[in-house]
Amino acid sequence: MVVLRLWRSGASCQGWNSRNYGLQFAGMLYSRLFGKSVRQVPRDARATSYRLLLQGGFVRSLGQGLFTFTPLGMRVVKNIKHVIRQEMEEIGAQEVLAPLVNPREIWEESGRDELIEEAMIRFQDRKGHRLVLAPTHEEAMVELVRQGIRSYRDLPIILYQIQSKFRDEARVRCGLVRTREFIMKDAYSFHSTFTDLNGFFPRMFATYRSIFQRCRVPVIPAQAGVGYMGGDRSYEFLMPCECGDDYLIQCDTCGYAANEEVAVGDCPVHEGETHPIEAVEAPPEDDMRSLNALRQYLEIPRSRMAKAMLYRAADAVVMAVVRGDHEVSEEKLTQVLKKPILGRAGDDILAELQVPGPWLSPIDLPRRDRVHVVVDEVLAAETSLFAGCNRPGAGYVNARFGRDFTADRVADVIRVPEGSGCRHCSDGTLRRMRAMELGNVFRLGTFYTQAMNLHVNDEHGRRVFPHMGSYGIGIGRLLAAVVEANHDERGIVWPPELAPFSVFLMSIGKSLSVRRTADELYRDLQGFTLYDDRYESISHKLKDADLLGIPIRVVVSRESVSEGLVEVARRTGAEPIKVPREDLVATIRTLLEELEDV
RNA sequence: CGGGAUGUAGCCUAGUGGCUAAGGCGCCUGCUUUGGGAGCAGGAGAUCGCCGGUUCGAGUCCGGCCAUCCCGACCA
């Protein structure tokens, strides 16, 4: 069965003008392969996965965040898609393909045209119709389903596609880890009730686990924010990795895991007595630039300062006040306010509110009525704080929430610091590590169906908005993650299901009998074998075999041919074994089965 | 969008105001060679990222732009 599965990726016929005895059948001759390995890669390629993929000839770069998959890489991509398709079909998802280009109107309908700024490319066609390059496909899918269903009887429905997305990212990262154009598997489910969506969620969760397991990437499911996707709840599948651009917070005891932007933890508060508030001034000759400079001058620790940050929300200005050693989580702030944070307040807003940016404070706020103040719960518990008074060079010590300043809301709005206590178990400590987001699942609720007016009649004839979920996996990034998690000092070690070929075949020496034997073996193994038929030195071929990471290596040499044997080795570990020629296929099958069972 | 770095042949590098821009890898031709990136001989390949300036003279100095990478901000 194992070998049969691997035959699916059968390469197209090569060798029509082959100089190699006119071999003409499926499989691949390395001499004919476009995109060969290179000895040296650009100095720019630092990330391990990127370096190995470039060096092995799997991908090439076309511009910032833009990549071409070359034939070898394409075969791996096809195998990843195959795994994903199998798993998606398994839970009843049906494949569709929405266009990369969307009419801008549907983005206006959902409200995300305003929410997503530079990341979405907008343009016009020759008739002046306004179009966008889709950064994701919720709108297109809602529109599709709106045209296709009328009754709750049509639900639930699960659609998925494997399609390109384009996001004009501010920062691309580590080769395929963060690109601007990328291939994504995105699925969307529509349910007549919240309960049904909720019940479906664990099934998709299990599907994701299975996909990542088959791809041999060690992911950790973690609670996450919703960003501009909307909805109320999401999980991300994170793989700890220095290349990532998320931070995973994980409890060292109970296994609680969450993205840093939503993670919760217990952060100790300073002990101490309460004193009356007292004004402080910087010496007049000292030209201090910020509240933080005054804090340093007064030799007060960062953790005793009230730090205020101003944000823009849709129809309000929001001040978040946190301890000086903490960072604001815009995601938590968004959830507290129940409206998206659009970004930091600019100079125009600061001027309008008559406050100096570097000296912001919740105390003595000139236009208190215009600002929605959110105080972090840790800061609210502190009894003696250093704070500003919205005036350069001046501030207060011994300030205290409730007595000296007020809030419209007290809530947890900080990014939990490493070392905080775990709230989910008695004695765990939270650890923070860089991680790569390989997949996500969103419980979107009726956010889009309401905004875009997708509704059906329920069994009582009432109009209901379907509850929606969306589920993404970035394919290029997954490919990079597979390499990050499956390589050694010599090259890539492909998981058997994803390998571009199952067998790497090569011969040693130019003895005609050796060569003929190798050619014959290639015929026997056709469909899943890459045959290195070049007249390169043996060491060169071995290095390439290791770099390309194909699971099984078959070597034909003069010595073994004279004994009627061929040499078979796994990419990792054990010494090569010699088997009779007629047993080769069976041996390979056994080895592949072992590899898949690991 | 901020901070930093780098642009010299397909790739990696040298060249620190002065002759015809140097070497390695790779590529092409020929011969030899095959158990861990072979050897010899010959050959092709560069408007030194682009524009402008300084200078008798610029790959080299100055300014602007562009591109790429790294770190941060932002981001499913």
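Order of the sequence lines sets the chain letters (A, B, ...), proteins ahead of strands, with each chain counted from 1. Just so we're clear, the structure is a prediction, and the values are computed from it rather than from any experiment.
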Practice problem: Could you work out which one of B:G72, B:C25, B:A76 sits closest to the side chain of A:Arg171? | Solution: B:G72
Exercise. Would you indicate what A:Glu536 reaches in the nucleic acid, counting non-hydrogen atoms under 4.0 angstrom: base, sugar-phosphate, or nothing?
Key: base
Self-check item: Closest nucleotide among B:G36, B:C69, B:C71 to the A:Val172 side chain
Solution: B:C69
Practice problem: Tell me what A:Arg415 touches on the nucleic acid: a base, only sugar-phosphate, or nothing, going by heavy atoms under 4.0 Å. | Solution: sugar-phosphate
Could you write out each protein N or O paired with an N or O of nucleotides 7-15 of chain B at a distance under 3.5 Å?
{"residue": "B:C11", "atom": "O2'", "partner": "A:Gln40", "partner atom": "O", "Å": "3.0"}
{"residue": "B:C11", "atom": "O2", "partner": "A:Gln40", "partner atom": "OE1", "Å": "3.2"}
{"residue": "B:C12", "atom": "OP1", "partner": "A:Arg43", "partner atom": "N", "Å": "3.3"}
{"residue": "B:U13", "atom": "OP2", "partner": "A:Arg43", "partner atom": "NE", "Å": "3.3"}
{"residue": "B:U13", "atom": "OP2", "partner": "A:Arg43", "partner atom": "NH2", "Å": "3.4"}

Quiz item: Relative to each other, are the rings of A:Phe200 and A:Tyr471 parallel, tilted or perpendicular (30° and 60° limits)?
Solution: perpendicular
Quiz item: So what is the 5' to 3' dot-bracket string for RNA chain B, if pairs are Watson-Crick or G-U wobble with both distances under 3.5 Å, crossing pairs use [ ] and | means the partner sits on another strand?
Solution: ((((((((.[[[[.)..(...]]]].((((((.....)))))).....[[[[[..)....]]]]])))))))....
Quiz item: So which nucleotide from B:C69, B:A73, B:C71 ends up closest to the side chain of A:Ala170?
Solution: B:A73
Quiz item: Between the base of B:G35 and the side chain of A:Ser557, is there a donor-acceptor distance below 3.5 Å?
Solution: yes
Quiz item: So A:Phe212 and A:Phe237, would you call those rings parallel, tilted or perpendicular, with 30° and 60° as cut-offs?
Solution: tilted
Quiz prompt | Side-chain donor-acceptor pair present, A:Asn486, A:Trp494, cut-off under 3.5 Å | solution = no
Practice problem: With heavy atoms under 4.0 Å as the rule, sort A:Gln55 into base, sugar-phosphate or nothing. | Solution: base
Quiz item: With a non-hydrogen cut-off below 4.0 angstrom, is A:Glu117 in contact with a base, only sugar-phosphate, or nothing?
Solution: nothing
Quiz item: Side chains of A:Asn259 and A:Glu236: donor-acceptor distance under 3.5 Å anywhere?
Solution: yes
Quiz item: Is the A:Phe67-A:Phe58 ring centre distance short of 6.0 angstrom?
Solution: no
Quiz prompt | Sugar-phosphate, base or nothing in reach of A:Asp186, heavy atoms under 4.0 Å | solution = nothing
Self-check item: Length of the line joining A:Glu118:CD and B:A73:P, which is rounded to integer Å
Solution: 17 Å
Quiz item: Between A:Tyr188 and A:Tyr160, is the gap from one ring center to the other below 6.0 Å?
Solution: no
Quiz item: So, for A:Pro42 and A:Leu54, which heavy atoms are closest and what is the spacing to 0.1 Å?
Solution: CD-CD1, 4.1 Å
Exercise. Give a yes-or-no answer on whether the side chains of A:Thr449 and A:Thr446 include a donor-acceptor pair shorter than 3.5 Å.
Key: no
